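Notes follow once the structure below has been shown.
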There are 2 protein chains.
Amino acid sequence: MIETDTGVRNIDVVPSHGECKKAIEILARIGDKWTVMVVGVLARNDTLRYSELHRSIEGISQRMLTLTLKGLERDGLVERTIYPTIPPRVEYKLTDLGLSLIEPLRALHAWAVTHHSSILTAREAFDMQRVVPGT
Amino acid sequence: MIETDTGVRNIDVVPSHGECKKAIEILARIGDKWTVMVVGVLARNDTLRYSELHRSIEGISQRMLTLTLKGLERDGLVERTIYPTIPPRVEYKLTDLGLSLIEPLRALHAWAVTHHSSILTAREAFDMQRVVPGT
DNA sequence: CAGTATCCCATTCGATACTG
DNA sequence: CAGTATCGAATGGGATACTG
């Protein structure tokens with residue numbers, strides 16, 4: 001009754017302010033520099049060793065790979081299996097929980113791909129306004 | 001032919017390593033501390049003034065609100081309208097591009113709400129393993 | 001091989017004060 | 001009202017070296 005028209009904005013399906021905090025929490029969790037990359041690689045490979053992950057993710061340092069994996073393991077998104085051989089062998093794979101994250105992540109990725117150029121265009125236009133404002 | 005069974009992991013719908021970078025870019029864009037909150041509030045209110053946003057988002061500083069809004073405006077997700085009255089009046093609203101982000105964000109939010117407790121449980125269990133390891 | 005430990009720089013963010 | 005300017009603390013993250 002309050003809504004005016006289009007239905008573009010379904011006010012009742014937009015989470016409340018309070019509920020929103022859980023989204024924030026998750027974004028904070030996966031929104032860092034490497035987490036999505038690690039999840040993505042594991043999503044395509046089922047099981048990978050530490051060194052394979054390191055090779056698969058261009059530019060990541062050992063430190064950040066370790067920290068990222070540990071964070072994902074801590075939250076139950078990744079399972080870590082140690083084979084105490086010499087040399088050691090450690091395998092990583094997504095848990096069911098981790099696998100379930102792929103879908104919403106795909107949705108976001110699809111959005112990113114679809115609107116990527118729009119964003120870049122808007123960005124350039126915006127930056128243009130700001131340069132040589134006096135000239 | 002290579003896939004084994006379940007279909008849980010649809011390998012062909014998981015973006016390639018290269019494509020994945022666009023997801024990273026977007027995550028970096030919206031994954032900061034306040035952006036999702038601002039988008040969420042605007043998603044529920046159509047148009048808001050600066051001071052209304054400030055009041056609606058608990059804990060945000062003027063500085064961060066300004067920076068967040070400017071970033072969103074720059075990327076074409078938010079439209080900023082100035083009414084040069086005295087005192088000045090500035091209104092913010094989501095653009096069509098910004099509105100289109102709501103849906104994938106909702107998917108992520110739904111995932112967060114659904115699995116929030118699983119994550120916390122996993123986290124506690126993980127932390128338990130690490131405490132008093134010698135005792 | 002699979003990490004840890006350390007150093008250090010860059011960025012982020014909050015607090016505070018000021019302005020058109 | 002709607003910001004901007006400045007400072008300082010905290011955090012993120014890379015490089016390098018070392019270890020079981």
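These numbers were taken from a predicted model, which means no experiment stands behind them. Below, chain A is the first sequence line, B the second, and so on; all start at residue 1.
For A:Trp34 and D:dG14, the CH2 to C1' distance is 10 Å, given to the nearest whole Å. The distance between atom CD1 of B:Ile57 and atom P of C:dG14, rounded to the nearest whole Å, is 12 Å. Put simply, CG on A:Leu65 is 16 Å from C1' on D:dG12, counting in whole angstrom units. Atom P of nucleotide C:dG14 and atom CD of B:Glu58 are separated by 13 Å, given to the nearest angstrom. One atom, CZ of B:Arg55, and another, P of D:dC1, lie 7 Å apart when rounded to the nearest Å. Spacing between atom CE of A:Met64 and atom C1' of C:dA5 amounts to 15 Å, rounded to whole angstrom units. Rounded to a whole Å, the NZ atom of B:Lys70 is 8 Å from the C1' atom of D:dG3. The NZ atom of B:Lys33 sits 14 Å away from the P atom of C:dT12 (whole-angstrom rounding).
Here the nucleotide nearest the side chain of A:Arg80, chosen from C:dG3, C:dC13, D:dA2, is C:dG3. Considering only the side chain of A:Gln62, D:dA17 comes nearest among D:dA17, C:dC1, D:dA2.
The residues B:Glu91 and B:Arg89 are annotated as salt-bridged, a charged nitrogen and a carboxylate oxygen being separated by less than 4.0 angstrom.
At a threshold of 4.0 angstrom between heavy atoms, the contacts of B:Arg63 include nucleobase atoms, whether or not backbone atoms are also involved. At a threshold of 4.0 angstrom between heavy atoms, the contacts of B:Tyr83 with the nucleic acid are absent. If you check every strand for non-hydrogen atoms under 4.0 Å, A:Thr66 touches a base.
For the atom pair CZ (A:Arg80) and CD1 (A:Ile82), the distance works out to 4.0 Å, reported to the nearest 0.5 Å.
Follow the hydrophobic side-chain contacts under 4.5 Å out from B:Ile119 and you reach A:Leu67 in the same cluster.
At least one side-chain nitrogen or oxygen of A:Tyr92 sits closer than 4.0 Å to the OP1 or OP2 atom of C:dG3. Neither OP1 nor OP2 of D:dG13 sits under 4.0 Å from any side-chain N or O of A:Ser61.
At least one donor-acceptor pair closer than 3.5 Å links the side chain of A:Thr95 to the backbone N or O of A:Gly76.
Pairing for D:dG20 goes to C:dC1, judged as Watson-Crick or G-U wobble with the two contacts each under 3.5 Å.
Between B:Thr81 and B:Tyr92, the side chains place no donor N or O within less than 3.5 Å of an acceptor N or O (distance only, hydrogens not considered).
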